[in-house]
J.: 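Can you keep this structure in mind? I'll have questions shortly.
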Amino acid sequence: MLRPLRFEDWPAVHEWARRPEVCVYQAWGPNTLDETREFARVAAQAWDERPQQRFPYAIVRDGRTVGNVELFLRSEGVGEIGYLVHPEFWGRGVATSAARELLTLGFTEHGLHRIFATCDPRNVASAAVLRRLGMRHEGRMRETHLIRDGWRDSDRYAMLAPEWRGAVDVPRPSSASRPDRDAAAGS
């Protein structure tokens, strides 16, 4: 489901990055073609940087790029995740599944102790994704980003490695037993 984001993904990325409903809670967007190309160029280059601090992935479903997720190494033992999904795929568990893979990569391959994410408190769908992952709400940071309608607050969610290890063995509910509501953007 995840593979490194490539520059050639920019047309697919633009399909969601240009939409107002996707970036309503973001400090960026809606993107122009040039802004999306620049994002894809910089994201693709991140895979060649040493030491690598940014791990941008494309979310691929049935051969189609439908979103992107990123793991950022912030400080010793600490990472941050973020995600964006095309609106056609909202509510289908795409963001949850992709973010769960990022948690696994962060805790296993990168040996992180703590992984956090932030979201606008008004983005209830993104907050639900983070809670579904087992991340704990740690609090609200006031007026952290200037967006189109003014300064926004950010809710912070986090998970520690021991919590993740304990959650790995817990069976996940099947998609048939509960509707999965995904978010447009997890930041």
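Sequential numbering from 1 along the given sequence is applied to the chain's residues. Only heavy atoms go into these numbers, but all of them, side chains included; no hydrogens, no water, no symmetry mates. Quick caveat, the model's predicted, so the values are computed rather than measured.
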J.: In Å and rounded to the nearest 0.5 Å, what is the SG to OH distance from C119 to Y83?
T.: 6.0 Å
J.: Looking at residues at least two apart in the chain, or sitting in another chain, which of them share a side-chain contact (heavy atoms from CB on, under 4.5 Å) with P162?
T.: H113, L160, R165
J.: Within a strict 4.5 Å, meaning less than it, do heavy atoms of the Q53 and E49 side chains meet?
T.: no
J.: What are the two closest heavy atoms between R61 and V94, and how far apart are they?
T.: NH1-CG2, 3.0 Å
J.: Sub-3.5 Å donor-acceptor pair from the side chain of E35 to the main-chain atoms of T32, do we have one?
T.: yes
J.: Do V129 and L2 land in one hydrophobic cluster if side-chain heavy atoms of ILVMFWY residues count as linked below 4.5 Å?
T.: yes
J.: Taking atom types as modelled, find out whether T118 and S154 have a side-chain donor-acceptor pair closer than 3.5 angstrom.
T.: no
J.: Restricting to non-hydrogen atoms, name the atom on M159 and the atom on L103 that form the minimum distance, rounded to 0.1 Å.
T.: SD-CD1, 4.2 Å
J.: Linking I/L/V/M/F/W/Y whenever their side-chain heavy atoms sit closer than 4.5 Å, directly or via other members, would M135 and V124 fall into one cluster?
T.: no
J.: Going by side chain to side chain donor-acceptor pair (under 3.5 Å), name the residues that satisfy it together with T65, two or more places apart in sequence or in a different chain.
T.: R3
J.: So F39 and W28, ring pair (Phe, Tyr, Trp, His ring centres under 6.0 Å) or not? Walk me through it.
T.: CA-CA 11 Å; F39 164 79; W28 57 267; 7.8 Å; no
J.: Under 4.5 Å between side-chain heavy atoms, counting indirect links through other Ile/Leu/Val/Met/Phe/Trp/Tyr residues: same cluster for F89 and L5 or not?
T.: yes
J.: Report yes if the side chains of Y157 and R131 come closer than 4.5 Å at any heavy-atom pair, otherwise no.
T.: yes
J.: Roughly how far apart are Y25 OH and R152 CZ, rounded to 0.5 Å?
T.: 10.5 Å
J.: Grab the two heavy atoms, one from T36 and one from A17, that are nearest each other, plus how far apart they are.
T.: OG1-CB, 4.0 Å
J.: Is there a side-chain contact between T144 and M141, using heavy atoms and a 4.5 Å cut-off?
T.: yes
J.: Restricting to non-hydrogen atoms, name the atom on G29 and the atom on C23 that form the minimum distance, rounded to 0.1 Å.
T.: C-SG, 3.6 Å
J.: Is there a chain of hydrophobic side chains (I, L, V, M, F, W, Y, each step under 4.5 Å between heavy atoms) that links L102 to L73?
T.: yes
J.: For W90 versus E21, what's the shortest heavy-atom pair and its separation?
T.: CH2-O, 3.7 Å
J.: Has W16 got a side-chain atom pairing as donor or acceptor with P87's backbone, closer than 3.5 angstrom?
T.: no
J.: So, does R19 use its side chain to make a donor-acceptor pair with the main chain of E15 at under 3.5 Å?
T.: yes
J.: Measure from the side-chain N and O atoms of Y57 to the backbone N and O of M1, and report whether any donor-acceptor pair falls under 3.5 Å.
T.: no
J.: May I ask whether L133 and F116 are part of the same hydrophobic cluster, defined by side-chain heavy atoms of I, L, V, M, F, W, Y residues being less than 4.5 angstrom apart, directly or through others?
T.: no
J.: Check E80 with R74, please: is the shortest side-chain N to carboxylate O separation under 4.0 Å?
T.: yes
J.: When rounded to the nearest 0.5 angstrom, what distance separates CG in L130 from CG in D155?
T.: 9.5 Å
J.: Give a yes or no on whether the backbone of E143 and the side-chain of D153 come within a donor-acceptor separation of less than 3.5 Å.
T.: yes
J.: Does the distance from a Lys or Arg side-chain N to an Asp or Glu carboxylate O, for D149 and R122, drop under 4.0 Å?
T.: yes
J.: Look only at the side chain of W164 and the backbone of G134, and say whether a donor-acceptor pair between them is shorter than 3.5 Å.
T.: no
J.: Do the side chain of H110 and the main chain of L112 share a donor and acceptor less than 3.5 angstrom apart?
T.: no
J.: Whether the side chain of D9 engages the backbone of R6 through a donor-acceptor N/O pair (distance < 3.5 Å, no angle test) should be reported.
T.: yes
J.: Does the R148 side chain pair with the main chain of Q26, one donor and one acceptor, at a distance under 3.5 Å?
T.: yes
J.: Compare all side-chain heavy atoms of W47 with those of P56 and state whether any distance is below 4.5 angstrom.
T.: yes
J.: State which residues pass side-chain contact (heavy atoms from CB on, under 4.5 Å) with V42; sequence neighbours excluded, sorted by chain then number.
T.: E38, R54
J.: My understanding is that only one of L84, V66, N68 makes a side chain to side chain contact (heavy atoms under 4.5 Å, CB included) with I59; could you say which?
T.: V66
J.: Between W10 and F7, what is the ring plane arrangement, given parallel below 30°, perpendicular above 60°, and tilted in between?
T.: tilted
J.: With rounding to the nearest 0.5 Å, note down the distance linking CD in E138 to CZ in R136.
T.: 9.0 Å
J.: So H86 and R64, side chain to side chain contact (heavy atoms under 4.5 Å, CB included) or not? Walk me through it.
T.: CA-CA 11 Å; H86 191 294; R64 179 178 171 197; 4.0 Å; yes
J.: Shortest non-hydrogen contact from L71 to G106?
T.: CD2-CA, 3.9 Å
